[in-house]
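All values derive from a computational prediction rather than experimental measurement. The basis for the numbers below is simple: all heavy atoms, side chains too, and nothing from hydrogens, waters or symmetry mates.
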Amino acid sequence: MQRPTIKTIAQETGLSIATVSKALKHSPQVRPETRAIVIEAAERVGYELNMHGVQLRTGKTYQVAAIMTAPGPKQNEWEGVEYAQLLSGISWALEDSPYRVSLYAVRNFEESQAVIKQIVSLKKADGIIISGTRADDPRIRTMQAADFPFVTYGTSIHNAPHAYVDADNEQMIRVSMARLTERGHRRIALLNPLSDLSYGITRHEAYRHALDVAGLPYDPALVAHGRLTPAFGRENVLTMSELGNPPTAYICANEASALGAFSGFHERGLVHGRDAVINATDDLNVSQYFAPPITTYYLPISEPSSLLGAYILRRMEGEPPEALQTLLMPNLIERCDDRLNPNR
């Protein structure tokens, strides 16, 4: 039996060979309904696109490199959203395109820099997605200098404009602080990510501005930066609760650190809602199962990850980066009133 070809599909559909060819390559010149007819016919006759031949003709790899820090074998602390959850959403977004995701799991920032330089210089992919952005990120400068399509999960502060998707960290902190001060809190702790991460800087600046708006002093003893693990949350509650004027509220950057904060409460004999409260600003919706459930923000990971996939496709088609910049505001889920009640 002869192997089905593009000509076979053209005969099946009544379309021209040129139209069928463009549809199989996901050309924007072909209408979605026409592409659907071609794909259905291709599946019916058992046609398989020879990607190797397409790569040779076009010079494209049809690969999107996702460069993400993966926990090492000795890192056994939970840190909230995992790279695999992001990767899944990106893959779904690329499903109807000829592109596929190639994961480059790196151990640290320096390794991600080296991997990006290699991908760009050897053209091992057609586009790159990175996370963990810094205020002035040298990886971004490398890709921009090479005019290489990329999207970042996270903003930068000092780099030239680029495509990005991120949660609106400034807005989350502003709303969290206003809500807690309205409920009578005057000593609010911020358990923040590492200080060299762009979103950590944004959150810290928003925190300081919110204190100014509320007429409250800034106390560096109430701010901690680090890896967002349960151990980090626990250690900082143990330290801050021993201050002469301890916090009555803790804003944790994710649920993992909030879980650790609860452990610190237990160690110190603190009661949530009587002595202090815990909020979190990055949510997998696990905090609804905490006892008691805590106020937090919820942004399904499928939203930013699918946008990352959509944006890298558009960048690879030549769309300007300024048109591909989105801050997503998670939903505030008030599981507690968060006013202190001495009778609890």
Side-chain angles (χ1 to χ4, degrees), residues 80-81 135 154-155 157 166-226 228 232-233 235-237 239-241 243-262 264-265 270-285 287-288 290 292-299 327-341:
V81 175
T155 59
I157 298 171
D166 200 5
D168 193 337
N169 286 282
E170 186 277 331
Q171 177 85 332
M172 277 194 288
I173 294 298
R174 185 182 67 79
V175 173
S176 296
M177 290 290 290
R179 181 178 172 278
L180 288 168
T181 55
E182 187 273 330
R183 283 159 172 72
H185 296 279
R186 296 295 177 265
R187 297 279 287 171
I188 303 171
L190 182 70
L191 305 191
N192 221 24
L194 294 164
S195 59
D196 58 357
L197 292 174
S198 183
Y199 85 106
I201 295 170
T202 298
R203 289 166 56 86
H204 190 211
E205 289 177 351
Y207 170 79
R208 296 196 69 156
H209 180 70
L211 289 173
D212 289 341
V213 169
L216 298 173
Y218 173 76
D219 184 351
L222 297 185
V223 177
H225 300 273
L228 299 176
F232 173 73
E235 289 161 8
N236 280 288
V237 166
T239 300
M240 293 179 183
S241 63
L243 294 171
N245 190 5
T248 60
Y250 294 83
I251 298 178
C252 300
N254 69 353
E255 287 177 317
S257 55
L259 178 62
F262 265 110
F265 271 41
L270 304 174
V271 175
H272 189 276
R274 184 193 72 188
D275 304 300
V277 297
I278 299 167
N279 286 187
T281 58
D282 179 23
D283 195 324
L284 289 170
N285 227 12
S287 47
Q288 65 180 313
F290 289 1
I294 63 171
T295 295
T296 188
Y297 283 90
Y298 180 53
L299 177 64
L327 291 177
L328 297 166
M329 184 60 187
N331 294 320
L332 174 65
I333 301 180
E334 296 186 275
R335 298 188 177 101
C336 307
D337 176 73
D338 288 322
R339 287 179 173 86
L340 295 188
N341 181 350

Asker: Give me the atom names and distance for the closest heavy-atom approach of D337 to R183.
Answerer: O-NE, 2.6 Å

Asker: My understanding is that only residues two or more places apart in sequence, or in another chain, count here; which of them pass side chain to side chain contact (heavy atoms under 4.5 Å, CB included) with A276?
Answerer: Y250, F265

Asker: If every non-hydrogen atom of M172 is compared with every non-hydrogen atom of Y297, which pair is closest and at what distance?
Answerer: O-OH, 3.3 Å

Asker: Give the minimum heavy-atom separation between L299 and A167, together with the two atoms involved.
Answerer: CD2-CB, 4.4 Å

Asker: Examine distances only and state if a side-chain atom of H272 and a backbone atom of P292 form a donor-acceptor pair shorter than 3.5 Å.
Answerer: no

Asker: Of the non-hydrogen atoms in A224 and N236, which two are nearest, and what is the gap between them?
Answerer: CB-OD1, 3.1 Å

Asker: Please name all residues satisfying side chain to side chain contact (heavy atoms under 4.5 Å, CB included) with L243, sequence neighbours left out, ordered by chain then number.
Answerer: R187, A221, L222, M240

Asker: Return the orientation label for the F262 and F290 ring planes: parallel under 30°, perpendicular over 60°, tilted otherwise.
Answerer: perpendicular

Asker: Looking at G233 and L191, what are the two nearest heavy atoms and their distance?
Answerer: CA-CD1, 4.0 Å

Asker: May I ask you to test the P193-R203 pair for a side-chain heavy-atom distance under 4.5 Å?
Answerer: yes

Asker: N279 and S176: side-chain donor and acceptor closer than 3.5 Å?
Answerer: no

Asker: Distance check, rounded to the nearest 0.5 Å: I173 atom CD1 versus T281 atom OG1?
Answerer: 5.0 Å

Asker: Counting C-beta onward and ignoring hydrogens, is there a side-chain heavy-atom pair between I188 and L211 closer than 4.5 Å?
Answerer: no

Asker: Just to verify, what does H225 make a side-chain hydrogen bond (donor to acceptor under 3.5 Å, both in side chains) with, not counting sequence neighbours?
Answerer: none

Asker: Does the pair D166 and T202 meet the rule for a side-chain contact (heavy atoms from CB on, under 4.5 Å), with working shown?
Answerer: CA-CA 12 Å; D166 200 5; T202 298; over 6 Å; no

Asker: Which residues pass the side-chain hydrogen bond (donor to acceptor under 3.5 Å, both in side chains) test with S241, sequence neighbours left out?
Answerer: R268

Asker: Are T181 and R186 side-chain neighbours, meaning at least one heavy-atom pair lies under 4.5 Å?
Answerer: yes

Asker: To the nearest 0.5 Å, tell me how far T296 OG1 sits from N285 CG.
Answerer: 8.5 Å

Asker: Would N254 and S257 count as having a side-chain donor-acceptor pair, cut-off 3.5 Å?
Answerer: yes

Asker: For D168, give me all partners under side chain to side chain contact (heavy atoms under 4.5 Å, CB included), at least two apart in sequence or on another chain.
Answerer: E170, Q171, L327, M329

Asker: Do NZ/NE/NH1/NH2 and the carboxylate oxygens of R339 and E182 come within less than 4.0 Å?
Answerer: yes

Asker: If every non-hydrogen atom of A258 is compared with every non-hydrogen atom of I294, which pair is closest and at what distance?
Answerer: CB-CD1, 3.9 Å

Asker: With distance as the sole test, does T248 use its side chain to make a donor-acceptor pair with the main-chain N or O of H185 at under 3.5 Å?
Answerer: no

Asker: According to side chain to side chain contact (heavy atoms under 4.5 Å, CB included), who are the partners of N331, at least two apart in sequence or on a separate chain?
Answerer: none

Asker: Tell me, do R179 and T295 make a side-chain contact under 4.5 Å, heavy atoms counted?
Answerer: yes

Asker: For Y199, run the side chain to side chain contact (heavy atoms under 4.5 Å, CB included) check against N169, I157, N192 and tell me which one passes.
Answerer: N169

Asker: To the nearest 0.5 Å, what is the distance between NE2 on H209 and CD on E205?
Answerer: 11.0 Å

